[in-house]
Participant: 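Once you've had a glance at the structure underneath, I'll fire off some questions.
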Protein chains: 2
Amino acid sequence: MGNSPKDNAQNIVKISRPTLRRLPLYYQYLKREQALGREFISCTSIAEGMGLTSIQVRKDLQVTGAVGKPKVGYHIGAAITSIEESLGYNNTKDALLVGAGHLGLALLGYEGFADYGLNIVAAFDKDPAKIGTQYRGKNVLDIAKFPDLAKRLNVQIGIITVPSAQAMDVCNLMIESGIRAIWNFAPVHLVVPEDVIIQNENMAASLSILSQELLKVKQK
Amino acid sequence: MGNSPKDNAQNIVKISRPTLRRLPLYYQYLKREQALGREFISCTSIAEGMGLTSIQVRKDLQVTGAVGKPKVGYHIGAAITSIEESLGYNNTKDALLVGAGHLGLALLGYEGFADYGLNIVAAFDKDPAKIGTQYRGKNVLDIAKFPDLAKRLNVQIGIITVPSAQAMDVCNLMIESGIRAIWNFAPVHLVVPEDVIIQNENMAASLSILSQELLKVKQK
DNA sequence: TAGATTGTTAATCGATTAACAATC
DNA sequence: TAGATTGTTAATCGATTAACAATC
């Protein structure tokens with residue numbers, strides 16, 4: 001019945017880092033094409049629209065389990081579902097955010113995260129002026145309440161948007177409160193136990209790539 | 001006089017993408033060690049502190065032109081300077097930002113960018129309620145004034161922090177105004193001419209990596 | 001001097017690209 | 001059917017890791 005050796009591997013498929021970075025982009029792109037009323041799309045077309053090669057698109061979609069038809073291409077809806085499943089977008093995960101500054105509020109209020117299965121439950125801060133306020137229907141709570149709430153809701157994801165100097169303290173607090181994965185926006189290296197996952201959002205890195213490219217162009 | 005074949009290559013050294021992403025992290029780390037009063041550091045020590053291998057650290061520092069002494073390690077100050085030079089942190093670049101929402105203001109007010117040679121001159125928005133306001137001494141101006149100011153100051157870098165739906169329009173406006181490099185925070189694929197550099201800050205990608213790791217751990 | 005640590009060349013690993021067969 | 005497009009296997013490219021010689 002046309003079974004591939006992948007069928008029994010199911011969810012356990014390891015997705016490479018570069019592919020993992022591109023999948024959300026496909027997702028965004030396909031969603032947009034779908035909104036335009038399109039039903040099928042070839043990987044050549046995706047590649048052109050996204051500035052990649054068609055082979056890469058095929059390889060990437062393959063790891064999600066998406067299947068296309070020769071001469072027709074991929075069913076957009078099915079491809080979207082495949083990506084959603086392999087990235088876990090469909091089972092929503094709760095998160096708590098610490099640091100209700102502008103960046104924190106930007107993340108707290110960003111509705112787009114729902115698409116990626118992320119629900120930021122509330123924000124925390126130590127500033128009395130911020131505690132008790134709301135932003136887009138979400139509360140800014142006293143940081144002292146963090147451990148209690150995290151444990152009660154069994155939240156696994158923490159988001160750090162405090163200044164660098166406080167990031168390590170917040171990180172420790174999170175770990176003590178049972179947080180297993182930390183999305184860190186402070187430009188510091190956080191030291192964590194083996195079993196805690198850290199994902200650094202490193203804006204300085206992107207910036208470096210940008211200025212490097214700009215430098216290269218100027219030298220020509 | 002111990003000249004290496006790299007000496008005449010000077011600034012033209014191509015730095016690989018992965019290295020380019022790590023260099024700012026070394027920079028941050030070394031700055032912190034320097035602040036602690038340390039003068040020399042071995043790559044083993046850097047590697048341990050940052051969760052990398054010592055060989056990788058040596059290779060990375062090498063492309064910046066940093067030179068170490070056997071048994072002593074790298075002079076921290078000199079290594080910092082090397083990174084600064086190869087990433088262009090020392091010649092400050094002006095940038096204009098469009099979209100004075102929370103994310104935009106977070107970037108506008110972030111003092112850390114100065115370290116990376118980026119100076120956000122002003123923000124722009126179309127919302128009359130925001131136009132004319134200030135944040136940390138920087139003005140929020142009418143988007144209508146963008147082309148004029150960009151041309152007059154000969155600004156090369158534009159930062160997009162508007163909602164996805166408006167990003168492409170803003171992008172076009174920037175290009176018409178002479179912007180050559182765009183740092184895009186909207187989760188859309190922007191189509192630009194060959195000679196315009198786009199750097200997408202793709203939060204969804206980082207988020208995907210985080211949830212994927214979390215998924216993997218759970219399955220064990 | 002002896003030993004630690006850098007610098008450099010070689011080997012491995014993984015991701016991208018190319019080629020081509022399978023198929024609707 | 002013929003041709004476009006997928007799926008898959010092989011070849012290339014580049015980055016990481018390993019090994020070792022150079023040197024303070």
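In what follows, chains carry the letters A, B, and so on, assigned in the order in which the sequence lines appear, proteins first and then strands, with residues in each chain numbered from 1.
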Participant: Tell me whether K69(A) is salt-bridged to E39(A), with the criterion being a basic N under 4.0 Å from an acidic carboxylate O.
Facilitator: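 A salt bridge is absent here (no side-chain N lies under 4.0 Å from a carboxylate O).
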Participant: Where do N or O atoms of nucleotides 15-21 of chain D meet protein N or O atoms at under 3.5 Å, pair by pair?
Facilitator:
| from | atom 1 | to | atom 2 | distance (Å) |
| --- | --- | --- | --- | --- |
| dT16(D) | OP1 | R22(B) | NH1 | 3.0 |
| dT16(D) | OP2 | R22(B) | NH2 | 3.3 |
| dT16(D) | O5' | Q56(B) | NE2 | 3.3 |

Participant: Starting from P on dG14(D), measure out to CD1 on I15(B) and report it in whole angstrom.
Facilitator: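 Distance check: I15(B) CD1 to dG14(D) P gives 17 Å.
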Participant: Using a strict threshold of under 4.0 Å (side-chain N to carboxylate O), is an ion pair present between R17(A) and E213(B)?
Facilitator: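 So E213(B) pairs with R17(A) through a salt bridge.
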Participant: Which nucleotide wins on minimum distance to the side chain of K71(B), given the candidates dA2(C), dT8(D), dT23(D)?
Facilitator: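 From the listed options, dA2(C) comes nearest.
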Participant: Rounded to the nearest 0.5 Å, what's the gap from CZ on R136(A) to CG on L105(A)? Could you check?
Facilitator: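 Going from the CZ atom of R136(A) to the CG atom of L105(A) covers 10.0 Å.
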Participant: Please confirm whether the ring centroid of W183(A) lies under 6.0 Å from the ring centroid of Y116(A).
Facilitator: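 No; Y116(A) has its ring centre 6.0 Å or more from that of W183(A).
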Participant: Are side-chain N/O atoms of T19(B) and S16(B) paired as donor and acceptor at under 3.5 Å?
Facilitator: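 A pair is found: one side chain offers a donor N or O, the other an acceptor, under 3.5 Å apart.
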Participant: Indicate whether OP1 or OP2 belonging to dC24(C) is found under 4.0 Å from a side-chain N or O atom of Y74(A).
Facilitator: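 Answer is no, no contact under 4.0 Å.
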Participant: What is the separation between atom CG on L61(B) and atom P on dT5(C), rounded to the nearest whole Å?
Facilitator: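 Checked: the CG to P distance equals 15 Å.
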Participant: Quick one: pull up CD1 in I159(A) and CE in M174(A) and give me the separation to the nearest 0.5 Å.
Facilitator: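 Spacing of CD1 (I159(A)) from CE (M174(A)) equals 7.5 Å.
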Participant: Determine the interplanar angle of the Y27(B) and Y89(B) rings, folded into 0 to 90°, and report it as parallel if under 30°, tilted if 30 to 60°, perpendicular if over 60°.
Facilitator: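 If you compare the ring of Y27(B) with that of Y89(B), the planes turn out perpendicular.
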Participant: Give the rounded distance in Å between these two atoms: NZ of K14(B) and P of dC13(D).
Facilitator: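 Rounded to the whole Å, the gap is 16 Å.
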Participant: Between CG of L210(A) and CD1 of I182(B), what distance do you get to the nearest 0.5 Å?
Facilitator: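 Spacing of CG (L210(A)) from CD1 (I182(B)) equals 9.5 Å.
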Participant: Give the stems involving DNA chain D, where a stem is 3 or more consecutive Watson-Crick or G-U wobble pairs (i with j, i+1 with j-1, and so on) under 3.5 Å.
Facilitator: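 Stem list for DNA chain D: C:3-24 with D:3-24.
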Participant: Choosing from dG7(D), dT6(C), dG7(C), which nucleotide comes nearest the side chain of Q62(A)?
Facilitator: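 Nucleotide nearest to Q62(A)'s side chain: dG7(D).
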